[in-house]
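As the structure is a prediction and not an experimental result, all values here were calculated from the model.
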Amino acid sequence: MLSKAKFTAVLAIIAGMFPNAHGELESDTPFQLLIATILSAQATDKGVNKATPKLFASYPDAETLAIADIADVESKIRTIGLYKTKAKNIVRTAQMLITDFGGELPHDKDLLQKLPGVGRKTANVVLGDAFGIPGIAVDTHVERVSKRLQLVKQSATVLEVEDKLMKVVPEKDWVETHHRLIFFGRYHCTARNPKCQTCPVLPYCKFGEKLTHES
DNA sequence: ATCCCGAGGG
DNA sequence: CCCTCTGGAT
């Protein structure tokens, strides 16, 4: 585990690598961002962005999606994967937004998580990217990167990763840090074949010593 | 712990 | 072919 000073140094280097890190899901409204984020579970942003234009052309808002035919929704999002569960979840989510939330997205993590298909990670993404409410969504990239860089212990749960990052990073930087760690994980510190040879933070990494000893 | 589930990369 | 992708619900 790194000291707080090194921890901060690592994050600063990653910030330099990806000064423009940002959410990559395409949407016109907070509602569409919510739907896109639900669809993004265990799927790539690219894949979601390919399907959502068709989906939102027919169902741009909660009112239209709430009365959609499930089979039609399934056909429009099939390429994303997990499509049966996701179709059911997004239609039900639209219905609940109408019946339980007055047609508006709640600006609240616990209320958002009452929507089917919305867990802690999705709620954090929507709050941060649609409403600018500080939070750190821990996805597969953030978890993997945080562990490789020893920002947290290997056995840490996603909740522990989130808590640790929030403790060390100033609140105003939470959303940006989240995006930077995602970019770092997606484009550099990839799950398979990470680009260790050209990695500026290798000295801080769990793989660093191993690599220097081998080659 | 397990299921859901297709696309793309290596 | 096998692994991974901004997880969530049971």
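Within residues 75-96 of chain A, the residues approached by DNA chain C to less than 4.0 Å at the level of any non-hydrogen atom are A:L82, in residue-number order.
Phosphate contact (OP1/OP2 of C:dG8, side-chain N/O of A:T122, threshold under 4.0 Å): present. Here A:R144 reaches the OP1 or OP2 of C:dC5: one of its side-chain N or O atoms lies under 4.0 Å away.
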>> Walk me through whether A:K88 and A:E74 qualify under salt bridge (charged side-chain N to carboxylate O under 4.0 Å, His left out).
In response: CA-CA 8 Å; A:K88 193 172 17 149; A:E74 286 181 357; over 6 Å; no

>> Working note: A:D129 + A:H179, criterion side chain to side chain donor-acceptor pair (under 3.5 Å); need CA distance, chi angles, decisive distance, verdict.
In response: CA-CA 10 Å; A:D129 288 346; A:H179 286 135; 3.1 Å; yes

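A:N124 has its CG atom 13 Å from the P atom of C:dG7, to the nearest Å. Separating the CD1 atom of A:I35 from the P atom of C:dG7 is a distance of 17 Å, rounded to the nearest angstrom. Between A:Q42 atom CD and C:dC3 atom P the separation is 15 Å, expressed in whole Å. Rounding to whole angstrom units, CD of residue A:E143 and P of C:dC5 are separated by 10 Å. Atom CZ in A:F183 sits about 15 Å away from atom P in C:dC5, given to the nearest Å. In this structure, NZ of A:K50 is placed 19 Å from P of C:dC5, rounded to the nearest angstrom. Going from atom NZ of A:K109 over to atom C1' of C:dG8 covers 16 Å, rounded to whole Å.
Using a 4.0 Å cut-off between charged side-chain N and carboxylate O, A:E160 and A:K164 make no salt bridge.
Using a 4.0 Å heavy-atom cutoff across all strands shown, A:A43 reaches at least one base atom of the nucleic acid. A:V142 comes within 4.0 angstrom of nothing in the nucleic acid, heavy atoms only. Among the atoms of the strands shown, none is found under 4.0 Å from any heavy atom of A:K46. Contacts of A:G23 with the nucleic acid, taken as non-hydrogen atoms under 4.0 Å apart, include base atoms. If you check every strand for non-hydrogen atoms under 4.0 Å, A:T37 touches nothing. Residue A:G117 is in sugar-phosphate contact alone, with no base atom involved, counting any heavy-atom pair closer than 4.0 Å across all strands shown. When heavy atoms are screened at a 4.0 angstrom cut-off, A:I136 is found touching no nucleic acid atom at all.
Closest to the side chain of A:T44, from the set C:dG7, C:dC5, C:dT4, is C:dC5.
When each of A:L159, A:V158, A:D110 is checked for a side chain to side chain contact (heavy atoms under 4.5 Å, CB included) with A:R120, only A:L159 meets the rule. When each of A:I14, A:T8, A:I13 is paired with A:V10, the side chain to side chain contact (heavy atoms under 4.5 Å, CB included) condition holds for A:I14 and for no other.
The separation of C:dT10 from B:dC5, taken at their P atoms, amounts to 15 Å, rounded to a whole angstrom.
Nucleotides of DNA chain C nearest to A:L25 and A:L115 differ in position, and the one nearer the 5' end is that of A:L25. Each of A:H179 and A:Q113 was assigned the nucleotide of DNA chain C with the nearest heavy atom; the assignment lying further toward the 5' end belongs to A:H179.
Rounded to the nearest 0.5 Å, atoms OG (A:S75) and NZ (A:K54) are 7.5 Å apart.
Counting non-hydrogen atoms of other residues, nucleotides and ligands closer than 6.0 Å to CD of A:E63 gives a total above 12.
Using a 30° and 60° split on the angle between ring planes, A:F18 and A:Y187 fall in the tilted class, from 30° to 60°.
Nucleotides of DNA chain B lying under 4.0 Å from heavy atoms of chain A occupy a range whose first and last members, 5' to 3', are B:dC4 to B:dG10.
Contact record, A:I98 with A:A62: CD1-CB, 3.9 Å, taken as the closest heavy-atom pair.
For A:H188, the ring-ring contact (aromatic ring centres under 6.0 Å, His included) partners at least two apart in sequence or on another chain are A:F184.
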